[in-house]
Participant: 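Below is a structure I'd like to ask you about.
This structure is a prediction, so every number in the text was calculated from the model and none was measured.
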Amino acid sequence: ADYFVAPAIGFENARNVLRDAKQEGKITLLDTGWDPNGWQEKTRRQICALLRYVDIFLPNLEEAAALSGNKLPEDMARQLRNHGCEQIIIKMGREGSLALGRDDFLRGGVFSVEVLDTTGAGDAFDAGVVYGHINRWETGRTLQFASALAAIVVSKRGEDRYPPLKEIESFMRLKGVSYG
């Protein structure tokens, strides 16, 4: 979840929750969101320290750049993964996504839609990653599903933007993507 939405939790509590979850064998995912204080050095160090307890780190491109100090997505991913998390998935908006697992990169594409509201796009993508992980999908399939979910969300306005599974499957078929 967004690290900066609940600042009262703080670094120590976030670290303890992630550490305890890892020790209990749970899968941990982290999406920091944007630092409202401008990514001060102390905050960058703290976030990077959390990554040793994170299985999948899901920053967007700007967050990954701020945390890593790099300009190229591949370099950002390598640098961030060096802090101990198993997989980095950088959300790059219209440029798709970039995943780095143990050794190799995988790029996820995007679906062409009319963008009406980008609010919640990253969270929708994250939800797609969670769904793929729960279903034990390979990374490529997970990225396709997450991108489809985010595309549907940005192509709608209002409260009814978050689709049921059947709508995502139908959207992927319509776009010519093999889902199963």
Participant: Could you tell me whether D55 and K26 make a salt bridge, using a distance below 4.0 angstrom between a side-chain N and a carboxylate O?
Facilitator: no

Participant: Once rounded to the nearest 0.5 Å, what's the spacing between atom OH of Y162 and atom CD1 of I152?
Facilitator: 12.5 Å

Participant: Start with the C-alpha gap between L100 and R78, add the side-chain angles, then the distance that decides, and say whether side chain to side chain contact (heavy atoms under 4.5 Å, CB included) holds.
Facilitator: CA-CA 8 Å; L100 175 60; R78 279 189 202 98; 4.0 Å; yes

Participant: Kindly give the heavy-atom pair with the smallest separation between S97 and M92, and that separation in Å.
Facilitator: C-CE, 3.9 Å

Participant: Do you know the tightest heavy-atom contact between A124 and A150?
Facilitator: CB-CA, 4.1 Å

Participant: State yes or no: do L165 and M172 share one hydrophobic cluster built from I, L, V, M, F, W and Y residues joined by side-chain heavy-atom distances below 4.5 Å, directly or via other members?
Facilitator: yes

Participant: Quick one: closest heavy-atom pair of P163 and V153, and the distance?
Facilitator: CD-CG2, 4.2 Å

Participant: Rounded to the nearest 0.5 Å, what separates atom CG in L50 from atom CZ in F11?
Facilitator: 5.0 Å

Participant: Which atoms form the tightest heavy-atom contact between T142 and V129, and what is the distance?
Facilitator: CG2-CA, 3.6 Å

Participant: Going by an N to O cut-off under 4.0 Å, is there a salt bridge joining K91 and D126?
Facilitator: yes

Participant: Do you know the tightest heavy-atom contact between V110 and G93?
Facilitator: CG1-O, 3.3 Å

Participant: Could you name each residue pair satisfying ring-ring contact (aromatic ring centres under 6.0 Å, His included) that touches residues 78-119, not counting sequence neighbours?
Facilitator: F111-F171

Participant: Would you say CD1 of I9 has more than 12 non-hydrogen atoms from neighbouring residues, nucleotides or ligands within 6.0 angstrom?
Facilitator: no

Participant: Can you check side chain to side chain contact (heavy atoms under 4.5 Å, CB included) on V115 and R94, steps first, answer last?
Facilitator: CA-CA 10 Å; V115 176; R94 295 179 190 268; 4.0 Å; yes

Participant: A quick test of your reading: do over 12 heavy atoms of other residues, nucleotides or ligands sit less than 6.0 Å from CZ of R52?
Facilitator: no

Participant: Who pairs with R161 by salt bridge (Lys or Arg N to Asp or Glu O under 4.0 Å), at least two apart in sequence or on another chain?
Facilitator: D117

Participant: If two hydrophobic side chains count as joined below 4.5 Å and joins carry through other members, does L58 share a cluster with I134?
Facilitator: yes

Participant: Quick check for you: to the nearest 0.5 Å, what is the distance between I88 atom CD1 and L67 atom CG?
Facilitator: 9.5 Å

Participant: In Å, rounded to the nearest 0.5 Å, how long is the span from CZ of R44 to OG1 of T32?
Facilitator: 12.5 Å

Participant: Side-chain contact test, heavy atoms from C-beta onward, threshold under 4.5 Å: evaluate it for T43 versus F4 and give yes or no.
Facilitator: yes

Participant: If you draw a 6.0 Å radius around CG in D160, do more than 12 non-hydrogen atoms from other residues or ligands fall strictly inside?
Facilitator: no

Participant: Sort and list the pairs that fulfil ring-ring contact (aromatic ring centres under 6.0 Å, His included) and have at least one residue in residues 45-77, not counting sequence neighbours.
Facilitator: none

Participant: Has the side chain of E63 got a donor or acceptor atom that lies under 3.5 Å from a matching backbone atom of N60?
Facilitator: yes

Participant: Would you name the heavy atoms of C48 and L80 that are closest together and state the gap between them?
Facilitator: SG-CD2, 4.4 Å

Participant: If I take atom OH from residue Y3 and atom CG from residue L30, how far apart are they, to the nearest 0.5 angstrom?
Facilitator: 9.0 Å

Participant: N70 side chain to L72 main-chain N or O, any donor-acceptor pair under 3.5 Å?
Facilitator: no

Participant: Run the salt-bridge test on E169 and K166 with the 4.0 Å N-O cut-off and return the result as yes or no.
Facilitator: no

Participant: Decide if atom CD of E95 counts as having more than 12 heavy atoms of other residues, nucleotides or ligands within a radius under 6.0 Å.
Facilitator: no

Participant: Transitively linked via ILVMFWY side-chain contacts under 4.5 Å: I89 with I27?
Facilitator: yes

Participant: Has E114 got more than 12 heavy atoms of other residues, nucleotides or ligands less than 6.0 Å from its CD?
Facilitator: no

Participant: Between N135 and F145, is the side chain to side chain contact (heavy atoms under 4.5 Å, CB included) condition met? List the steps.
Facilitator: CA-CA 12 Å; N135 286 289; F145 184 84; over 6 Å; no

Participant: Might you work through the side chain to side chain contact (heavy atoms under 4.5 Å, CB included) test for R107 and E74, ending with a clear yes or no?
Facilitator: CA-CA 10 Å; R107 285 204 174 260; E74 293 82 1; 2.7 Å; yes

Participant: Measure the NZ-CD distance between K175 and Q144 for me, rounded to the nearest 0.5 Å.
Facilitator: 13.5 Å

